[in-house]
Amino acid sequence: MSSVIVTTGAQILRHTGAFTWSVLGQSELREQLTGTLLRDSPISEQKQLNLAAENLERGISLSSSSSLTLAEKLLLPLPHLPLSWLLLCLLHALCNRPIESALSLLRIFDSNKASLARSEIAPHFYDRLFSPHLFPVFGWFHEQRTQILSSSGGATSAKVLSKISQEQAAKLREVEREYQQVLDHNCRLLAVYFKEVLVNQNALTPPPLILKTLAEGAIVDDVNNTKDDIMQMHINAFHNGLHNPMWSEREVSVEFLSPRSSPSPIYPERVLKPQNLSKTSTTPFYLNSTAETEFSLEESLLSCSSDSEEEYEEKDKSIALLEPRESQIQEQKLTIFKQSRSSPDYPMADLDTPLHGIGKHAPPKDFVCPITSHIFDDPVTLETGQTYERKAIEEWFNRGSLTCPITRQKLQNTQLPKTNYVLKRLIASWKDRNPHLVPPPYEDTEAVSKSTVPSTCSKIGITQATVDGMMSELRSAINNLYMSEILQESEAAVLQIEKFWRGVNLGVDIHSMLSKPAVINGFMEILFNSVEPQVLRAAVFLLAEMGSRDNAVIKTLTRVDTDVECIIALFKNGLTEAVVLLYLLNPSTTTLAETAILESLIAFFDKKEEDLLKMCFKPKTAAVLLLARIVGSSEEIIASSVVNTLFSEKAFGVLLGSLGADLAKERIAAVEILLRCMEEDGTCRNSIADKAELSPLLETLVGATEGERFKIIKFFSELVKLNRRTFNEQILHIIKEEGPFSTMHTLLIYLQTALQDQCPVMAGLLLQLDLLVEPRKMSIYREEAMDTLISCLRNTDYPVTQLAAAETIMSLQGSFDFSGNPLTREVLLRRAGINRSSRSLVHVDQISKFSQEIEITPEEKKAADDWERRIAYILVSHEFGTLFEALADGMKSRNPELRSACFISATWLIHVLNILPDIGVQVAARACLLKQFIAKLNSAKDVEDRILSMLALNTFLHFSDGLGGLTSYTKGILKGLRELKRSSPLASKMLKVLVEENESKGDIWIHKELIKEDCRENGEVMSVICFKDKVFSGHTDGTIKVWTLKDNLLHLLQEIQEHTKAVTNLVISESDERLYSGSLDRTAKVWSIGKVAIHCVHVHDMKDQIHNLVVTNGLACFIPQGTGIKVQSLNGESKLLNSSKYVKCLAHVNGKLYCGCHDSSVQEIHLATGTVSAIQNGYKRLLGKANPIHALQIHGELIYAAGSSLDGSVVKIWNNSNYSMVGSMQTGSEVRAMAVSSEFIYLGCKGGNVEIWDKKKHNRVETSQMGTNCKVNCMALDNNEVLVIGTSDGQIQVWGVN
């Protein structure tokens, strides 16, 4: 029972994909299709369609998703237009929506434009998807035409057709019209059927076909497309010579090496059929009647030679009235095809038996046809410049080829030109001069080519007759490969050729017989069209074997891009041996990346060696070399993705095995891949070091090229960057001792002739090998390596070399993380007291599976310390510290990477001078680097860099004359040390040495007036406060001003007056970073702080004048007009504390309020409980002037209170914990304001002067006069660097502290 042909959704999507990507890849074709459909669109819609098409083009060319989205929005409102469906089909394909793309394309076939869709829009899509279902329709049309033409006498050749009657012509026209209607209706039925298959995702039974017009009402329900019907039609076509399977696509294919396969083929789609010559062509070529073309070769040749073109056109005027133009063209093509079938084949030339007259008198190669290998008889030259025998190239075109056989370029015109008479006359002249060299006719060779191979050779030997027979069989197989029209014959020929290649020694060069371009093309056609695994493997094997021996074969294959794509597709689908051919073809890394071959290449490494064919070039070697080519790509993204895939697929086993491969090229490739892996993710370094076999690489090092040699040396250099010092030294011992020759001597020779950018790496490795034993007094290897490193570091003409030298010196310290990054910087920071995890150290949960966390054992620590001591001694002692001078120059470079590397190296070497014996380089080190480190300490933006500079300066302090050498630079480093005091305990130690031992701080610190602003129009300056980069001031007229300090100038950002009376106090809330202002107008305002202005967000009615304000935890504490302290929550509740005292000033810290009172008393009030504790009791005086506390500051653990002179002390200092007095300061001035910094106490006095006191020694350092007849009302410090002062005469002064 015949099975009905069922089309699956996968087949529909595959054919749709072929159509869409073909159109998307050809801008001219898109323009042509758009123009064709636009002409048939309504004029009112054409503007919108044009705009959608333009956006689609923009999306294609610029990869713009926004353009595609806009195009889709323009097209969706036009669901009734074929052009809208076509554009949506392409758009959905670009957006990876294949089902929607296919549905849009099928809507064109389901419309009244079905005929246009078949002929112009998607003819190949129609042939592949619709035609197999329409065989009954084609057969019906064929029968109708045959019946009409049979009355003319049987044969229907062109000469007989010209004699048909007018009645027959009318019937033919009617049949043609009805045939077009039936095709249109059935196309619409099938389009609906295909859409249902896509929507339901199930294979459905196709609908019955209509074989007559609906007017006649004849619907044939039992006519279905069956596989048996199609097979029978194919068989008939083979018998009539009308169908060539080499050029057709198989709808049913099998998965390579899988008996239970999916229907998708494993080869890339390649259809080389002639283009449609008529816009209305719908009749398939193979349905033309056999009777119409059955006339002899002689008759055809006679008609071609006797009739001129004009006479032939005159005779066929009646035919033009009877048949569509495309039918004439199809019959003419069929006639030529029949001639080629009835004419003898063009056998392959006997390449082992050349033309007669071998030698200098042999026929020139330009006289020989590359297809037939015989002297031209009728030469024609194509547009590509290649010349062929007319009959041979005609047969090539008749098979459907549109390319030149040699160059494989697509031809614009397949109409053969006139005979090349110049070449033909030259050949005739040569034949006249050399009649004895003219070869016999090739028909004799044909007879030989058709002979059969004798029976199997005897065990004793092969007779000459047997050899001749086998040679004849081989030639016949080669002819069948590239000349046969039947795919099965060509497939059998491939297997037969493979057998000859592998097994039988005929004493001839089979390679030369197979390497001709025509034969190579035959093999490629097999790869494009065959689905037999054995055949595909044999074809790939033969091409790879020939390509590995002859580069001309590879050149032939690379002339057409689709050949490379075909090989890639075969390899990705399981044909593993194709990797050899792929390597030989040498496609670009971009092509390989776009075809996503990497996963297949990595998966190939899992194949066992015994499962692969034995080939001249091993597949695994080709895979490693191909992978190295991708990894070595200049495109960083491609190489990075390759390395990441290697990690995930665990391919290191094969790559590590390739280090010991027989082929040196494979070893180098493995080195390149592994080296890139370590550079991309160094966590694999430990795994590589554990398993790598280094001896073969040491052997390869001797005979390698300059580039290969450097890759190996760099691989060794990267391999010894492990986080285990003992393991590093083991690998260094292997490198030093296991080579066939002295590795150190080899490196020394290479170093003397190496390129500049290679020298630092070589010198670094040579220096490490030399240090495997205790340093000797003299070593030629060490001296050469050190001279090279210093020379490279000073070579400003090669910045890359400078950087490599600096990084090499820095890495010699010997500490590395899991990724192989040097930890010199982190080690130095830890020694400076910075205890934190390094930024470059990976967390344990991020460490690759190749490495495990290693605990630092005492043995490892001892080995690391010993290595650091030895390498540092070599570096600093070379030529009495010459390296220090080179590093100092590098620290001045404009290259930030070079500056950083030289800085870290210099810091390390200066620091280790403490643990090395005095070798006389301390003076040189200080002379070269002291000023550099001081500049770094004061100007570096990175705090860590400043700490490292401090570490180096601390080393200078421990030199024998260190303190004396640094005294003159004390002012330059003191500021930086104070700023680093909180960051590193080392800063405190250095401060103690540099500062506390100095007699006078006045010699160290300078207070300089930066700017003075006159604000007298706003009255007195009552309050100032600094916050971030801004300064806020409050004035007696209720104005608040916002300033910014830039370039030693105060810039007014905002002036706002929302208080009606004096702003007595400004304070910044610690919780929400808002500004609070207190005023005598009985209000407190809350301000949000913007970038350039403040804005009032809330106003609180305090019901009393505010003289001093403190804000904390939602409470506002202020001094009212009367006694006590008023504490008011921001929701309005208030209470009075310390009601028996007239409070003059407030301070707050950690929930405690400190009060300075009118009677000189100082109290501490616990806000939560209201408990009052006395720090200093007040004095009750019935007569005389009172001594109020005007200023109160809390700084650290100390309480500072200042006011009028009382018992000789103006300022008193108490310990905050036990209220014990720890100091006092005496001055004759009355203090009205006070500010405390880390080093000084600033006292603003009533007479307008500011006294500066040493905070620790309690002695006056300096006195500055603000003005006359004024008093200092308020003071504020900004980061201990700027002092802001407000006075009673309306002046704001800014002082810099340097």
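Salt-bridge formation is not detected for the pair Lys391/Glu395: no Lys NZ or Arg NE/NH1/NH2 atom is positioned less than 4.0 Å from an Asp or Glu carboxylate oxygen. With salt bridges taken as basic N to acidic carboxylate O contacts below 4.0 Å, none links Asp127 and Arg118. Look at Asp110 and Lys195 and you find a salt bridge, because one of the NZ, NE, NH1 or NH2 atoms lies within 4.0 Å of a carboxylate O, short of that distance.
At distances below 3.5 Å, not a single donor-acceptor pair connects side-chain atoms of Arg107 with backbone N or O atoms of Trp85. Here the side chain of Ser490 pairs a donor or acceptor atom with the backbone of Asn480 at under 3.5 angstrom. Counting only distance, with no hydrogens or angles, the side chain of Ser111 and the backbone of Ile108 share a donor-acceptor pair below 3.5 Å. Remark: side-chain polar atoms of Trp396 are paired, donor with acceptor, to backbone N or O of Thr403 under 3.5 angstrom. A donor-acceptor pair under 3.5 Å is formed between the side chain of Glu389 and the backbone N or O of Asp378.
Within 6.0 Å of CD on Glu31 lie no more than 12 heavy atoms contributed by other residues, nucleotides or ligands.
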>> Checking Leu81 against Leu75 for the side-chain contact (heavy atoms from CB on, under 4.5 Å) test, could you report, in this order, the C-alpha distance in whole Å, the side-chain angles of both residues, the deciding distance, and whether it holds?
In response: CA-CA 9 Å; Leu81 301 177; Leu75 294 173; over 6 Å; no
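Between Arg188 and the options Asn186, Val192, Asp184, Leu190, a side chain to side chain contact (heavy atoms under 4.5 Å, CB included) holds for only Asp184.
Aromatic pair Phe138/His133: ring centres not closer than 6.0 Å.
Inter-residue side-chain proximity for Leu116 and Asp40 is flagged as met; some heavy-atom pair is nearer than 4.5 Å.
Between Phe130 and Phe109, the ring planes are parallel. Angles under 30° get that label, and only those over 60° would be called perpendicular.
Of all heavy-atom pairs spanning Ser115 and Gln180, the tightest one is OG-OE1, 4.4 Å.
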